[in-house]
Amino acid sequence: DIQMTQSPASLSASLGETVTIECRTSEDIYNGLPWYQQKPGKSPHFLIYNANSLHTGVPSRFSGSGSGTQYSLKINSLQSEDVASYFCQQYYDYPWTFGGGTKLELK
Amino acid sequence: EVQLVETGGGLVRPGSSLKLSCATSGFTFSNTWMNWVRQAPGKGLEWVALIKDKYSNYEANYAESVKGRFTISRDDSKSRVYLQMNTLRDQDTATYYCTRGEDYFDYWGQGVMVTVSS
């Protein structure tokens with residue numbers, strides 16, 4: 001199985017700050033990586049696909065980048081509604097696997 | 001509007017069975033691959049099962065942790081997907097989400113809780 005290592009596990013940031021979440025895979029997944037946001041008590045919400053393509057309706061302060069085995073999610077100008085957990089996933093090979101998640105809180 | 005609504009969760013004893021159902025609307029179900037993804041309390045996400053569409057002969061794939069115990073199925077006439085869970089274990093306790101997608105999951109249901117406990 002492809003292992004997904006997400007970092008950091010938790011993150012505290014101030015409003016307006018830029019935050020970056022990393023996802024490292026155990027092998028090259030050729031950009032087969034989406035990002036999801038999950039607010040407390042809610043189901044996950046799809047943000048980004050193919051590592052860097054923004055899903056319809058997702059604010060432009062979210063962006064994804066990376067290639068090979070290293071990927072990242074960046075949130076510019078952090079808003080209060082961005083407080084959530086964030087997960088990466090790979091769909092290069094079965095079984096599809098997720099990163100352990102990053103819990104983002106306000107400082 | 002795309003909607004996915006799961007039902008069928010509950011509290012069951014280890015070794016018992018449960019069948020989850022997901023009712024869908026707002027998209028062409030018959031040519032959409034469907035999945036179940038679960039999340040244990042306070043934990044991360046785990047993909048459980050996939051069922052492809054009729055054009056892919058309804059092929060199913062499973063996570064190793066549920067292979068041989070869980071069966072995913074679909075009824076295109078009702079736009080529903082199911083998860084039959086047999087020989088349930090304590091570690092199957094989780095919120096189960098119905099999702100759609102061939103690779104990434106662009107829509108998720110609200111989730112249904114399954115608790116396996118004696």
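So you know, we letter chains A, B, ... as the sequences are listed, proteins then strands, and number each from 1.
Following chains of ILVMFWY side-chain contacts shorter than 4.5 Å, one can reach A:L104 starting from A:V58, so the two form part of one hydrophobic cluster. A:L47 and A:F87 end up in different hydrophobic clusters when Ile, Leu, Val, Met, Phe, Trp and Tyr side chains are linked at under 4.5 Å. Residues A:L54 and B:F105 do not share a hydrophobic cluster, clusters being chains of Ile/Leu/Val/Met/Phe/Trp/Tyr side chains in contact below 4.5 Å. Taking hydrophobic clusters as Ile, Leu, Val, Met, Phe, Trp and Tyr residues chained together by side-chain heavy-atom distances below 4.5 Å, A:I21 does not share a cluster with A:F46. Neither B:L20 nor B:L50 shares a network with the other; the hydrophobic side chains, linked directly or stepwise wherever heavy atoms of I, L, V, M, F, W or Y lie under 4.5 Å apart, form separate groups for each.
Residue with the most contacts toward chain B among A:P44, A:G32, A:P95, A:G100: A:P44 (heavy-atom pairs, distance under 4.5 Å).
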Would you list the atom pairs in which one atom of chain A and one of chain B form a donor-acceptor pair under 3.5 Å?
residue: A:Y36; atom: OH; partner: B:F105; partner atom: N; Å: 2.9
residue: A:Q38; atom: OE1; partner: B:Q39; partner atom: NE2; Å: 2.9
residue: A:Q38; atom: NE2; partner: B:Q39; partner atom: OE1; Å: 2.9
residue: A:Q38; atom: NE2; partner: B:Y97; partner atom: OH; Å: 3.3
residue: A:S43; atom: OG; partner: B:G109; partner atom: O; Å: 3.2
residue: A:Q89; atom: NE2; partner: B:D103; partner atom: O; Å: 3.1

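For A:P34, the part lying near chain B is the side chain, with the backbone staying farther off; criterion is any non-hydrogen pair under 4.5 Å.
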